[in-house]
Amino acid sequence: MPAAKPQNKLPLWLITVALIGAGVAALMTNQGPGTTAIPYSQFEQLLNDGKVTNVVVAGDTISGTLSQKLPDGNDHFTTVQVPGDLAGALEKHHVQFSAVTGSSAIGTLLSWVLPPLLFVGIWLLASRAMGGGRGGMGGGFGGGLLSIGRSRAKLVAETDVPVTFADVAGVDEAKDELHEIVDFLKKPDEFTRLGAHIPRGILLVGPPGTGKTLLARAVAGEAGVPFFATNGAEFVEMFVGVGAARVRDLFEQARKASPCIIFIDELDALGRARGAGGQMGGQDEKEQTLNQLLAEMDGFDRSVAVVILAATNRPEILDPALMRAGRFDRQVLVDRPDKKGRVEILRIHLKKLTLANDVKLDEIAALTPGFTGADLANLGNEAAVLATRRGAVAIAMADFVGAVERIVAGLEKRSRILIPRERRTVAYHEMGHALVAMAIPGTDPVQKVSIIPRGIGALGYTMQRPTEDRFLMSRQELEDKMAVLMGGRAAEMVLGDDVSTGASDDLAKATDISRGMVLRFGMDAALGPVAWDTEQGNFLQQQGMFWQRRHYSEQTAHDIDVAVRTHLDAALERALEILRGNRVALDAGAEALLAHETLSGDDIPRPTPVKAL
């Protein structure tokens, strides 16, 4: 697209400064230098004392010069005339005097024209500051309130999008889905020769940091077309009708730049389901903006090669009218990458870093299950910072392990000094997690145990490394996970009769697993294969705006509570049995932790394996 020619407009700030300067100059011209306003009685006294040298009379105003200065240092004065024989008094004291019939033409012009001009200049300056018009403060009169209805979408030319599909990894299925969009934008006639049409809108759905925005830019870079990028929040303002006007302006610009791509990030800020915000009656600004977006997407000519991409991580709150066929026809899932995808993402992000020979991408990927592309990019940066801090010439595998611990567990708090009794409790707690995990077959291997405080409240941590990505979990695996979580509390009970608050997070996680088994997964024998929690994931109830509807009786609710408690008690009893049978390993491991603070998986005493349930 050809670049827009610069408009020859005077900067607004320069016009305003010139107007203010003219006003100041006019005031200084009218008053004159060093003029003091005095009462008429003082003027008569000065006249009688012979201190007045000349006088100029203009209407009812008298001004003149004195033979000596007033107390404030001025020798020019001004006063208001009162009725009397002024001319006779001036002749009597031999004072030169003259009269002016009226103000000058310039003064009259300034007195009538300058105030409105100053008001207009200040209003334009304030409107530009409020509206944040395009072009900044150096723009002309087209910004601010006068351009508040214009779209704020940033237009990126086809030659300015350096991202391609080669820069995107770990989301192969999403890339394959979007290849059709690229083919359509490159060769629209060939794509439509059989009467088919490209989907009007494509919605990229996925957790934060998975690369939705990067994918949209890659589509524009591959297709080589202009790219309009905006955010859902940029359409909504405090003034009613502004958002709808911006939507109209955006689509009008897109039609002129066809073929092109419109990308709306954070669509949920604009497309939230109508009525979900709790407004009672009437339409607010957001609803008007959404209605205009729906109308524009319906009004698109099928022959116009404009594709609308949008991204959100909250698809459940979008208005159903946005999701129907003819608007956002397709939903492309951009999910967290699997192990293979994480290796590909790491290969892209780490290619600019200096790596040591012991760095293996497969091992890093195994350490980072659930990490998104943004998390992996941050991981590489954290590892580089750690290597720089210790003065290394290359980033070693130990730096990546430390970066994972930094991201997952938090920053080390070596300044947080625990009393000996607390350190002993934490050591037994963490060793309890590790031994239960090592004793139960099939659990994730223990990589490291530490009693160095980290983050906000963690006084220690046990790191397990999954051997593979898991997408389903059996009842046995869930019960094993609860037993490992209960290992910390069980170790404290083995150590003494008292328990501490250190197991609060473990208990919360174990309770969530137990409630999921009973309420959603139908894994309790007494309650049967019934999904009692059918409202899970509903947006309104997540926000706590309405009462929780319950589709079961009070007796069933009691049975659910009993079942949840039964699963938790069984997990605790299982962990206690393992640790009591491995008391020697528990004591030895805790003493090693107290001595060294951190142990690798190979340094932990081996417990006696137990049979699966």
Does CZ in Arg515 sit with more than 12 non-hydrogen atoms of other residues, nucleotides or ligands closer than 6.0 Å? no
State whether Arg217 and Asp167 are salt-bridged, where the test is any N-O pair (Lys NZ or Arg NE/NH1/NH2 against Asp/Glu carboxylate O) under 4.0 Å. no
Could you go through Glu492 and Ser500, starting from their C-alpha distance and side-chain angles, then the distance that decides it, and tell me whether this counts as side-chain hydrogen bond (donor to acceptor under 3.5 Å, both in side chains)? CA-CA 8 Å; Glu492 295 180 20; Ser500 71; 2.9 Å; yes
Value for CG (Leu353) from CZ (Phe400), rounded to nearest 0.5 Å, stands at 6.5 Å
For Leu593, which of Val426, Leu599, Thr598 qualifies under side-chain contact (heavy atoms from CB on, under 4.5 Å)? Leu599
Sequence neighbours excluded, which residues qualify as side-chain contact (heavy atoms from CB on, under 4.5 Å) partners of Asn378? Glu382, Ile407
Which residue, Leu507, Leu485, Thr511, forms the side-chain contact (heavy atoms from CB on, under 4.5 Å) with Leu568? Thr511
Side chains of Asp375 and Thr372 only: does a donor on one sit below 3.5 Å from an acceptor on the other? yes
Interatomic spacing from CG in Leu386 to CZ in Arg406 - rounded to 0.5 Å: 9.0 Å
In terms of heavy-atom contacts, does NZ of Lys175 have more than 12 from other residues, nucleotides or ligands at under 6.0 Å? yes
Count the heavy atoms of every other residue, nucleotide or ligand shown that sit under 6.0 Å from CZ of Arg475, and state whether that count exceeds 12. yes
Test: Glu405 and Lys448 ion pair at under 4.0 Å: yes
Assess whether a salt bridge exists between Lys509 and Asp505, defined as any Lys/Arg side-chain N lying under 4.0 Å from an Asp/Glu carboxylate O. yes
Please output the side-chain donor-acceptor pairs of residues 355-363 that fall under 3.5 Å, not counting sequence neighbours, one pair per line with the distance.
{"from": "Asp358", "atom 1": "OD1", "to": "Met397", "atom 2": "N", "distance (Å)": "3.4"}
{"from": "Asp358", "atom 1": "OD2", "to": "Met397", "atom 2": "N", "distance (Å)": "3.4"}

One thing to verify: whether Asp587 and Arg583 come together as a salt bridge, which I'm taking to mean a side-chain N less than 4.0 angstrom from a carboxylate O. yes
Roughly how far, to the nearest 0.5 Å, is CD of Glu173 from CG of Leu333? 9.0 Å
Could you work out, with salt bridge (Lys or Arg N to Asp or Glu O under 4.0 Å) as the rule, every residue matching Arg336, not counting sequence neighbours? none
